[in-house]
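Take a look at the structure set out below.
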Amino acid sequence: MNENNIEKLINAASNKLGTSPDNLRRALENGDIKTLSAGLSKSDKAKLRSVLSNKELMKKLKNASDPAEIMRMLNKQ
């Protein structure tokens, strides 16, 4: 995934999570799950934990070519 696509994904995710792109980026870089899930419902927190604990899915997400591909993968979960 190129840097422009990563930026688009971070911006979209930060808006959904109710945080700034910079805060989300720092949380992702530090593996700070509490910050990532602070504004989520219990159900969404469980989904996030499930995705993050799935090593095979995480490899696929890291190798995704664009944000749309990532969303397709996550919607299958």
Side-chain angles (χ1 to χ4, degrees):
M1 179 178 289
N2 68 37
E3 191 63 33
N4 188 38
N5 285 338
I6 291 171
E7 277 303 309
K8 287 179 184 177
L9 184 59
I10 288 176
N11 287 335
S14 67
N15 189 32
K16 177 81 173 172
L17 294 170
T19 188
S20 74
D22 289 335
N23 286 342
L24 178 57
R25 190 175 294 103
R26 278 192 297 278
L28 290 168
E29 289 169 354
N30 295 325
D32 185 0
I33 301 300
K34 287 185 181 183
T35 298
L36 289 175
S37 63
L40 299 177
S41 68
K42 284 185 178 184
S43 172
D44 287 342
K45 285 179 187 181
K47 289 176 189 175
L48 177 61
R49 280 192 299 275
S50 173
V51 167
L52 293 175
S53 66
N54 184 332
K55 291 181 182 183
E56 183 178 324
L57 178 59
M58 291 305 296
K59 285 181 186 177
K60 289 179 182 179
L61 291 172
K62 288 179 183 178
N63 293 322
S65 60
D66 60 42
E69 183 180 356
I70 290 173
M71 293 309 297
R72 281 191 299 274
M73 283 186 238
L74 292 175
N75 285 330
K76 290 180 182 178
Q77 294 299 308

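What you see is a predicted model, and the numbers here were worked out from it, not measured in a lab.
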Can you tell me how far apart [atom1] ([X]) and [atom2] ([Y]) are? Round to the nearest 0.5 Å.
X	Y	atom1	atom2	value
N63	I70	CG	CD1	10.0 Å
L28	N23	CG	CG	11.0 Å
L61	M71	CG	CE	10.5 Å

Check salt bridge (Lys or Arg N to Asp or Glu O under 4.0 Å) between [X] and all other residues, then give those that pass, not counting sequence neighbours.
X	answer
K8	none
R26	none
D44	K47
E7	R25

Item to complete: Considering non-hydrogen atoms only, spot the tightest contact between L24 and S14 and give its length.
Response: CD2-N, 3.5 Å
Worksheet, complete the sentence: Minimal heavy-atom distance between P21 and I10, with the atoms involved, is O-CG2, 3.7 Å
Worksheet item: Which pairs with one or both residues in residues 27-36 pass salt bridge (charged side-chain N to carboxylate O under 4.0 Å, His left out), sequence neighbours excluded?
Response: none
Worksheet item: Who are the side-chain contact (heavy atoms from CB on, under 4.5 Å) partners of L48, not counting sequence neighbours?
Response: L36, S37, L40, L52
Fill in: With A46 via side-chain contact (heavy atoms from CB on, under 4.5 Å) - residues at least two apart
R49
